[in-house]
Amino acid sequence: MMIHAPRRALRLFKNRQTLILLVALLTLMLAPGMRGRLFRARELTDGLPVGATWPISAHLQAPRLVHLDPGSRLEGQSAPQGWSHLAIKSIPKLATGDLDTVSSQAFETARRIRPVIVADIRRSEAEFGSSYYLARVGVGICAPGQDGVSDRVISPTSVEGTRGSWTAKQRVILAAMAYEVSRTHLDAATPTFALLRSPNTFLIEGSHRKVESCQALLVDPRTGKLRVIVWRDDAHHDAREPSGLPVRLLSAPVFDCPQDVHATRVLGTPVAWSFAIRELPPGTDLTLPADLAGSLKAKVEGSADSAALEHSVIECLHDHE
């Protein structure tokens with residue numbers, strides 16, 4: 001009995017030490033706000049984009065797509081009031097094809113009707129530091145303003161604030177462009193990512209083909225910097241083995257968009273015309289790997305797929321930097 005007593009006392013002491021440590025740990029975890037912070041930390045770091053050092057708050061929602069109100073003013077490379085960033089302002093320019101079959105007014109009309117995409121990037125003050133997120137994405141059409149230095153967002157029924165009058169033919173073209181823009185849809189989104197798709201006509205292997213134009217908007221949660229990647233999805237016309245997807249990282253939000261003109265003739269007389277985008281906007285050429293290209297062409301299902309897609313695109317950008 002006397003020999004084993006110290007050993008039993010030692011085991012009892014160790015057990016009590018363990019119990020005290022467990023009680024202390026549970027007390028800390030259940031203290032006011034402590035448990036919330038522990039679980040909050042996990043929520044903030046789960047799904048963090050590759051390369052991001054600041055966590056994105058879990059309560060943030062994915063951006064919504066809206067159509068810009070007529071009358072909004074854009075100047076230079078600045079976004080309209082209420083928006084933080086101008087993502088894309090495309091200025092069409094008739095450059096090749098059957099140019100001799102169109103009037104001088106067609107050249108003016110082409111440059112007058114300008115598709116535009118804007119972003120609303122905001123700052124969120126989270127418990128573990130601030131982060132930037134994408135609240136909204138806006139699409140619309142603008143035209144040169146009366147002052148000669150700004151553009152005004154317009155619609156088929158409202159061209160107020162623009163320079164010069166609008167002919168009936170120009171309004172018909174404007175209505176057709178507005179219809180195409182209205183078909184823009186948000187295919188995937190996270191608080192720092194948006195993938196837009198819209199129908200467009202491109203010049204592909206000498207022919208005018210209707211394909212989807214894609215724009216990926218990426219927000220750096222640390223700095224609020226916006227990067228825009230564009231490509232065309234002509235998978236339906238490509239029967240080859242899956243390969244890398246050529247994309248372009250935009251160098252500037254405002255750019256000329258060269259277009260090709262094709263005239264349909266009846267007995268040698270032009271009776272109808274189509275206009276096709278010749279090339280992607282100026283920027284840095286990149287190639288996304290085949291597996292990612294397949295994901296971008298597939299239908300995105302839910303927020304998990306959107307987040308995985310965003311991470312893959314960011315990884316590819318880092319590989320090219």
Considering the options I229, T192, V228, which one meets the side-chain contact (heavy atoms from CB on, under 4.5 Å) requirement together with L218? I229
Do other residues, nucleotides or ligands put more than 12 heavy atoms under 6.0 Å from E160 CD? no
So does R227 pair up with D220, basic N to acidic O under 4.0 Å? no
Less than 4.5 Å apart, any side-chain heavy atom of P253 and any of L86? yes
Same cluster for L68 and M177 if Ile/Leu/Val/Met/Phe/Trp/Tyr side chains link at under 4.5 Å? no
Within the side chain of S158, is there an N or O that forms a donor-acceptor pair under 3.5 Å with the backbone of I154? no
So N200 and V211, do their side chains get closer than 4.5 Å, heavy atoms only? no
Close side-chain approach of L286 to R248, heavy-atom, < 4.5 Å: no
Using modelled atom types only, decide if a donor and an acceptor are shared between the side chain of S198 and the backbone of T184 within a distance under 3.5 Å. no
Would you confirm whether D305, through its side chain, and A308, through its main-chain N or O, come within 3.5 Å as a donor-acceptor pair? no
May I ask you to test the E212-P199 pair for a side-chain heavy-atom distance under 4.5 Å? no
Side chains of L65 and L196, heavy atoms from C-beta outward: is any pair under 4.5 Å? yes
Without hydrogens or angle criteria, can the side chains of S72 and D69 be said to hold a donor-acceptor pair below 3.5 Å? no
Hydrophobic cluster membership, with links at side-chain heavy-atom distances under 4.5 Å among I/L/V/M/F/W/Y: are V139 and V118 in one? no
Can you check whether L250 reaches V230 side chain to side chain, under 4.5 Å on heavy atoms? yes
Treating Ile, Leu, Val, Met, Phe, Trp and Tyr as nodes and any side-chain heavy-atom pair under 4.5 angstrom as an edge, say whether F193 and L288 lie in one connected cluster. yes
T162 side chain to V159 backbone, donor-acceptor under 3.5 Å: yes
Distance-only criterion, 3.5 Å: show the donor-acceptor pairs between side-chain atoms of residues 262-282 and protein atoms not counting sequence neighbours.
unit_1	atom_1	unit_2	atom_2	d
W273	NE1	T101	OG1	2.9
S274	OG	H208	ND1	2.7
R278	NH1	T96	OG1	3.0

Do the side chains of R152 and E75 get close enough for a salt bridge, i.e. N-O under 4.0 angstrom? no
Applying the side-chain contact (heavy atoms from CB on, under 4.5 Å) test to D151, which of R114, R163, R112 qualifies? R114
Going by chain and number, the hydrophobic cluster around V149 (ILVMFWY, side chain to side chain under 4.5 Å) further includes none
Could you tell me if the side chain of H85 sits less than 4.5 Å from the side chain of I117, heavy atoms only? no
If hydrophobic clusters are built by linking Ile, Leu, Val, Met, Phe, Trp and Tyr wherever their side-chain heavy atoms come under 4.5 Å apart, do L174 and V116 end up in the same one? no
Given 3.5 Å as the limit, does a donor-acceptor pair link the side chain of T109 with the main chain of I173, or not? no
W83 reachable from L186 in the ILVMFWY side-chain graph, under 4.5 Å edges: no
Find out whether F202 and R232 are in side-chain contact, i.e. whether some heavy atom of one side chain is under 4.5 Å from a heavy atom of the other. yes
